[in-house]
Amino acid sequence: MNIFDYLRLAWDQLKRRIVVTALCTMGIAIGSASIIVALSFGESINHYSRVQMSQFMKTDEITIHSGNPPSSTSSRDPNETKAYEITKSKIDIMRTFPNVKAIATYQTLNSMQFEVDHKSGYINNLFATELDTLSDFGFEFQQGGPTDQENTIILSYGATMGLFDEQLSRSNQQAYRNDSDYDGGSAARNIQTRLIAYPLYQKQVILKPNLYGPSGITSTNIQFPLRVIGILKKPEGMSDQNASNMKTAFISPSLGKKLQEAITNAANASANGSNQEQQPVPEFNEVKIKVTDSTHVKNIEDGVKKLKLSSQTNLHYEEQMQGQLVILRFIFGGVGLFILFVASISIIVAMTMSTHQRRRQIGIMKVLGANLSQIRNMFIAESAMLGLLGGACGILLSYWVIWGINLAVIQFSPSQSGSDLEILFISTWILPVGLFFAVMTGVLSGIYPAIKASRTDALTAIKRD
């Protein structure tokens, strides 16, 4: 007998016992679907966590600073310490590293104020960087985008919120003095005012730096008229309250150098130190690298260290998350294996009952010349086909379960524009794994009934029946 003969006999037996076949197939289908869904949960959570960590914790970014010279290096020799500084030649070398998506220099400036349309606002963090790299580093534009124009600025969504209106402030103070005009709802309206975004796109703002000294913050007469060429999108899933606290802005490196020089000159003038030798203003104080995937961060870090530079990443957070996901996958996989174990018991019972019911058939086959291996193979092929049917039904069932979970999440979660609505998904490598466990469950469950059937005495079985 060849393999096709075994499969034909197995299929005929399964069709004759349609109820038992359906029950066994259902048990295996539930077990294999549980394994597929469990693995899909782990894979989806892993993918979702990596996306979220890349978005918020920037695990695919590397921040580079000047290196730390060894303690034996003489501080009086500038040539020895210069080897540990960030230079343009080192940046060019880092651009040649494999799996580097983008590189940008950053100069962080102090917080500043700006005025527009008789309103005033402030910026917590002002960064001088190459504006055309913002999209590569994950920033999305709500309006506009980077251009080659000079004296321009890009604002975050939070920087456009809560602009201070002096005329409105005077009216609120008058309301405080006059109790009849003031009610408790005014305070709530003031809070809501801070969450209103003012249209600043393509408007000219006057940037006013502040000086930070021992006596505190002092204002200056420095004014930089800048054109707003872009407004960044509010980060996905972030509330307006949190977004209003993220007041950042971006300018070009050349403008940042001019601004830094003006602040330095103003600081020297206020300290009566105009006769002192002025130190050159650095163009940047750090470099950021965007990697194509967080798995390549370690290799690029090793290359950065060879250039005698220090690096900083958030990769250890992802490693901790991976360790927790491994435990979660074991838990989900264990549940699926337990269900398959329960399904295998039903197959053993069904196949054992089939062996008892088919004793006469087995006896006749032995009389006609069938050997023990042929009888065992016939029962194992039958149980394997049961596992194959259950695995195929389990794949369909797992897709229905995943579809139902995604539908429920979309239905009961707040809608977010631009977000990926598919929360859970089934990777292609999971399907053969689920099918393999289903077939193996059928084969292993059929071994005992197959051995018992092969040991049936032919003459006793024919006489008894």
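Numbering starts at 1 and runs along the sequence shown.
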Trace of the side-chain contact (heavy atoms from CB on, under 4.5 Å) decision for Leu435 with Leu388: CA-CA 7 Å; Leu435 192 62; Leu388 184 63; 4.1 Å; yes
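- Between Ile123 and Leu126, the shortest heavy-atom distance links the atoms CG2-N, 4.2 Å.
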Donor-acceptor pairs are to be reported for all side-chain atoms of residues 296-303 against protein atoms at under 3.5 Å, with residues two or more places apart or in another chain.
unit_1: His296; atom_1: ND1; unit_2: Asn99; atom_2: ND2; d: 3.3
unit_1: Glu301; atom_1: OE2; unit_2: Ser311; atom_2: OG; d: 3.0

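- No side-chain heavy atom of Phe284 sits less than 4.5 Å from a side-chain heavy atom of Pro253.
- Within the 3.5 Å criterion, the main-chain N or O of Thr295 finds a donor-acceptor partner in the side chain of Asp293.
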I would like to know whether Asp60 and Lys101 meet salt bridge (charged side-chain N to carboxylate O under 4.0 Å, His left out); could you show each step before the answer? CA-CA 10 Å; Asp60 56 349; Lys101 184 178 181 181; over 6 Å; no
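- The minimum heavy-atom distance between Ala249 and Leu155, with the atom names listed, is CB-CD2, 3.7 Å.
- In terms of heavy atoms, Met94 sits closest to Val304 at SD-CG2, 4.0 Å.
- Within 6.0 Å of CG in Asp148 there are 12 or fewer heavy atoms belonging to other residues, nucleotides or ligands.
- The heavy-atom pair separating Pro146 from Ile229 by the smallest distance is CA-CD1, 4.1 Å.
- Side-chain contact between Leu259 and Met112 is present, with heavy atoms from C-beta onward closer than 4.5 Å.
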Would Leu424 and Phe41 count as a side-chain contact (heavy atoms from CB on, under 4.5 Å) if you check the C-alpha gap in whole Å, the side-chain angles of each, and the deciding distance to 0.1 Å? CA-CA 7 Å; Leu424 300 179; Phe41 259 97; 3.8 Å; yes
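- A distance-only check finds no donor-acceptor pair linking the side chain of Thr292 to the backbone of Val100 [under 3.5 Å].
- Distance check: Ser40 OG to Ile430 CD1 gives 3.5 Å after rounding to the nearest 0.5 Å.
- The distance from atom CD1 of Ile222 to atom CG of Leu207, rounded to the nearest 0.5 Å, is 10.0 Å.
- One finds the CG atom of Leu226 at 11.0 Å from the CD atom of Glu150 (value rounded to the nearest 0.5 Å).
- Of all the heavy atoms in His65 and Leu309, the pair that sits closest is O-CB, 3.7 Å.
- In this model, no donor atom of one side chain and acceptor atom of the other lie less than 3.5 Å apart for Ser120 and Gln113.
- Of all the heavy atoms in Tyr157 and Ala243, the pair that sits closest is CD2-CB, 4.4 Å.
- At distances below 3.5 Å, not a single donor-acceptor pair connects side-chain atoms of Arg227 with backbone N or O atoms of Thr152.
- Residues Tyr84 and Ser66 form no side-chain contact, since every pair of their non-hydrogen atoms from C-beta on lies 4.5 Å or further apart.
- Within 6.0 Å of OH in Tyr201 there are more than 12 heavy atoms belonging to other residues, nucleotides or ligands.
- Counting non-hydrogen atoms of neighbouring residues, nucleotides and ligands closer than 6.0 angstrom, the NZ atom of Lys233 reaches no more than 12 such neighbours.
- Under the 4.5 Å side-chain criterion, counting only non-hydrogen atoms from C-beta, Trp400 is not in contact with Ser398.
- Taking the side chain as every heavy atom from C-beta outward, Ile62 and Lys290 never approach each other to under 4.5 Å.
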One pair to check against side-chain contact (heavy atoms from CB on, under 4.5 Å): Leu163 and Leu200. What are the steps and the verdict? CA-CA 11 Å; Leu163 299 188; Leu200 293 177; 4.2 Å; yes
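- Listed for the Lys234 side chain is no donor-acceptor partner under 3.5 Å among the backbone atoms of Ser244.
- Aromatic rings of Tyr122 and Phe164 (six-membered ring for Trp) have centroids beyond the 6.0 Å cut-off, not under it.
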Return a table of donor-acceptor pairs under 3.5 angstrom between the side chains of residues 22-39 and protein atoms on other chains or two or more places apart.
unit_1: Thr25; atom_1: OG1; unit_2: Thr21; atom_2: O; d: 2.7
unit_1: Ser32; atom_1: OG; unit_2: Ile28; atom_2: O; d: 3.0
unit_1: Ser32; atom_1: OG; unit_2: Ala29; atom_2: O; d: 3.2
unit_1: Ser34; atom_1: OG; unit_2: Ile30; atom_2: O; d: 2.7

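- How far CG of Asn245 is from CE of Met161: 9.0 Å, rounded to the nearest 0.5 Å.
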Go through the steps to decide whether Phe141 and Leu134 satisfy the test side-chain contact (heavy atoms from CB on, under 4.5 Å), and finish with yes or no. CA-CA 9 Å; Phe141 286 88; Leu134 291 178; 4.1 Å; yes
Going through the distances and angles, do Thr105 and Glu130 end up as a side-chain hydrogen bond (donor to acceptor under 3.5 Å, both in side chains)? CA-CA 7 Å; Thr105 59; Glu130 292 82 2; 2.8 Å; yes
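- In this structure the side chain of Ile206 never reaches within 4.5 angstrom of the side chain of Phe224, judged on heavy atoms.
- Atom CG of residue Leu109 and atom CD1 of residue Ile251 lie 5.5 Å apart, to the nearest 0.5 angstrom.
- Side-chain contact between Asn125 and Ser111 is absent, with no heavy-atom pair separated by less than 4.5 Å.
- Between the side chain of Ser156 and the backbone N or O of Thr248 there is at least one donor-acceptor pair closer than 3.5 Å.
- Distance OH/Tyr198 to CD1/Ile231: 12.0 Å, rounded to 0.5 Å.
- Taking the side chain as every heavy atom from C-beta outward, Tyr106 and Val287 never approach each other to under 4.5 Å.
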